[in-house]
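The analysis underlying the following values was restricted to heavy atoms, covering all of them including side chains, and did not include hydrogens, waters or symmetry mates. Order of the sequence lines fixes the chain letters, A, B, ..., with proteins taken first and strands second; residue numbering starts at 1 for each chain.
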Number of protein chains: 2
Amino acid sequence: MAKRESSIPVATLVERMINDIHTGAIIDEKNKLPTEPELMERYAVTRYTLRQALSRLSVLGYIYQAHGIGTFGRPRQDDNYVSVQNAVGLSTEMARQGKQLTTTDYSIDEVTAADAAFTPSAGKIDPATRLWEIKRYRMLDGKPYTFEHSYYLRDIVGDVPESALKGSLFAFVAENKTLTLGFQDKVMEAAPLAKENAWFFDLAAGAPMLIMNDDSYLSSGQLFAFSKLSYDYRMGKFFMFTRL
Amino acid sequence: MAKRESSIPVATLVERMINDIHTGAIIDEKNKLPTEPELMERYAVTRYTLRQALSRLSVLGYIYQAHGIGTFGRPRQDDNYVSVQNAVGLSTEMARQGKQLTTTDYSIDEVTAADAAFTPSAGKIDPATRLWEIKRYRMLDGKPYTFEHSYYLRDIVGDVPESALKGSLFAFVAENKTLTLGFQDKVMEAAPLAKENAWFFDLAAGAPMLIMNDDSYLSSGQLFAFSKLSYDYRMGKFFMFTRL
DNA sequence: CAGTGGTCTAGACCACAGA
DNA sequence: CTGTGGTCTAGACCACTGC
């Protein structure tokens, strides 16, 4: 009859396992994790659930699995770089690393897509779409770090409180219970520092900038924001993990 | 007795589905795919297998699934940018886009890790490790595109044929039947163009370069190469897709 | 409410690595 | 040969969306 034995859900399992990896509870001196049968018993889940969790950990770079050998933990590089995969927002990511991200200057204006300085990297957008245009200058541990130029679809995100403008726009959207985040397209490039932003960075116009363009979508597939972040090349480095 | 009915494996299914998405065979005018039961029947696979495939397509950005609504196709941006997720090597990726990647100048030398110009972004390496040091200048459709500086572990990859040096080092390793590719750590950054490489690019020293550092591992977790690719900022843009 | 994708169970067989 | 992870089946129930 396949009665539900009420085991823990995958998301919980993933959290627990990340924690147990960090504390070393399930990693031996050779970075090896217990075998799947052992983990199944330890967490009281079926193999399917366990492997769902292992798969997520593996995508995030916490572990890798070697066929016929075993499962191994991996050092995460989040401490030195910004992970492009952990979509938690810059503020949260930096807070986790014990670094302080502050917004020193910001502006918000109402525009239509036709008047925006740029458009989403992928996809199209109706020129009549009403947008919030937000510009933010942000410092990391007191040093100029990034200039953010972003557009949010007004009809979707509604009013943006000042606390979000100073802090985390990402958290503002994520915590809105009527919206479910879906996915992002990201385009990374380098470009010379523009004159109008040179004052903020300790750099001459024309200096290298690392640029990240994000198009953000809800889980329904609806675009809700697109943005361009320019990082001081000396401070901004992105990290990611790929399976071949 | 759960007899095997010999349906197709996931990898095959993924290929077929990508194809059927490109040709429009399983996408309607609203970009919607058939429901899971319909796809199960179409491809004659169980739900598990189907969802494994859908999951991979979704990670690669071909589709997204909206709970309670349906599955939808997405435009891929591979035609305009280099995808950091499709790990097939630059040569193959460009060939697929109908662009010509040529190596105009290259060198290969024997060094030890102690003498290497840089080390893996993550992890450590024994200074005594024997390496191939490879430098390549590569053009895209006749224009200066990227300078590649990479190190391959000699004891793992063995001798590197000249054809691989001129063409695809990635394919050379991938086609070696005794080696199984595993994963990569990637660190992206921007930096000023160094004087010694300015001659190759049509740029002055100090111009922005987009830089990709790769540490490549076998499926056993063994490092086999680490490299640094510098792209002309006007031509090199990276694309990726993330689920939030 | 009906229909969609999301999670979970229990069990079988396959393929690779190493002693 | 044994133990590891990889694939697959068949079926159940859960959770969200829109009518």
Side-chain angles (χ1 to χ4, degrees), chain A residues 1-15 28 30-41 43-59 63-73 177-183 218-222 243-244, chain B residues 1-15 26 28 30-41 43-59 63-73 177-183 218-222 243:
Chain A
M1 263 301 82
K3 183 77 81 28
R4 271 314 208 57
E5 280 301 334
S6 74
S7 90
I8 62 178
V10 179
T12 313
L13 180 57
V14 169
E15 273 179 50
D28 70 12
K30 284 177 201 137
N31 261 334
K32 189 174 184 307
L33 274 76
T35 65
E36 294 189 352
E38 287 166 346
L39 289 170
M40 284 164 62
E41 193 184 346
Y43 295 105
V45 293
T46 60
R47 192 163 178 222
Y48 177 92
T49 308
L50 175 68
R51 282 182 62 78
Q52 292 278 324
L54 289 173
S55 166
R56 297 195 197 184
L57 292 173
S58 156
V59 166
I63 62 164
Y64 67 90
Q65 292 189 277
H67 198 172
I69 308 180
T71 304
F72 301 85
K177 291 213 166 40
T178 68
L179 303 178
T180 320
L181 299 180
F183 47 88
L218 300 176
S219 62
S220 64
Q222 165 72 52
R243 288 189 292 176
L244 297 176
Chain B
M1 259 301 79
K3 184 77 79 31
R4 269 320 205 51
E5 279 303 332
S6 77
S7 88
I8 62 177
V10 180
T12 313
L13 180 56
V14 169
E15 273 179 51
I26 54 173
D28 69 13
K30 285 177 200 135
N31 259 333
K32 188 172 185 307
L33 274 76
T35 65
E36 294 189 351
E38 287 167 345
L39 289 170
M40 285 164 63
E41 193 184 347
Y43 295 105
V45 293
T46 60
R47 191 160 178 226
Y48 178 92
T49 308
L50 175 67
R51 283 183 61 77
Q52 293 277 324
L54 289 173
S55 165
R56 296 196 197 183
L57 292 174
S58 156
V59 166
I63 61 164
Y64 66 91
Q65 293 189 275
H67 198 172
I69 307 181
T71 305
F72 301 85
K177 291 217 165 37
T178 68
L179 303 177
T180 321
L181 299 180
F183 48 88
L218 299 177
S219 63
S220 64
Q222 164 73 52
R243 286 189 293 177

Taking the nucleotide of DNA chain C with the closest heavy atom to each, which residue, B/Ile69 or A/Ile69, is nearer the 5' end? B/Ile69
Atom CZ of A/Arg51 to atom C1' of C/dC8: distance rounded to whole Å? 15 Å
Does D/dG5 have OP1 or OP2 under 4.0 Å away from a side-chain N or O of A/Thr71? yes
Would you call A/Leu33 and A/Gln65 a side-chain contact if the rule is heavy atoms closer than 4.5 Å? no
Take the protein atom CD of A/Gln222 and the nucleotide atom P of D/dT17, then report the distance between them rounded to whole Å. 14 Å
Stacking check A/His67 vs D/dG6 (5.5 Å / 30 deg): no
Does A/Gln65 put a side-chain nitrogen or oxygen below 4.0 Å from OP1 or OP2 of D/dG6? yes
Can you say whether the rings of A/Phe72 and A/Tyr64 are parallel (under 30°), tilted (30 to 60°) or perpendicular (over 60°)? parallel
Between B/Leu179 (CG) and C/dA17 (P), how many Å, whole number? 11 Å
I'd like to know whether A/Thr49 forms a side-chain hydrogen bond (donor to acceptor under 3.5 Å, both in side chains) with A/Thr46, so could you lay out the CA-CA distance, the side-chain angles of the two residues, the decisive distance to 0.1 Å, and finally the verdict. CA-CA 5 Å; A/Thr49 308; A/Thr46 60; 3.3 Å; yes
Beyond-backbone contact of A/His67 with B/Ser219, side-chain heavy atoms, under 4.5 angstrom: no
Would you say the side chain of B/Gln52 lies within less than 4.5 Å of the side chain of B/Arg47, judging by non-hydrogen atoms? no
Value in whole Å for how far the C1' atom of C/dT4 lies from CG of B/Leu33: 13 Å
Does B/Thr49 make a side-chain N or O approach to OP1 or OP2 of D/dT9 shorter than 4.0 Å? yes
A/Glu36 atom CD is separated from D/dT7 atom P, nearest whole Å, by 11 Å
What is the distance from CE of A/Met40 to C1' of D/dG6, rounded to the nearest Å? 14 Å
Between A/Thr35 and B/Val10, which is nearer to the 5' end of DNA chain D once each is assigned its nearest nucleotide? A/Thr35
Output the rounded distance in Å from CD (A/Gln52) to C1' (D/dC8). 14 Å
Measure from CG on B/Leu13 to P on D/dT9 and round the result to the nearest Å. 10 Å
Find which nucleotide of DNA chain C each of B/Thr180 and A/Arg47 is nearest to by heavy atoms, and output the residue with the more 5' nucleotide. A/Arg47
Which nucleotide, D/dG5, C/dG6, D/dT7, lies nearest any side-chain atom of B/Arg56? D/dT7
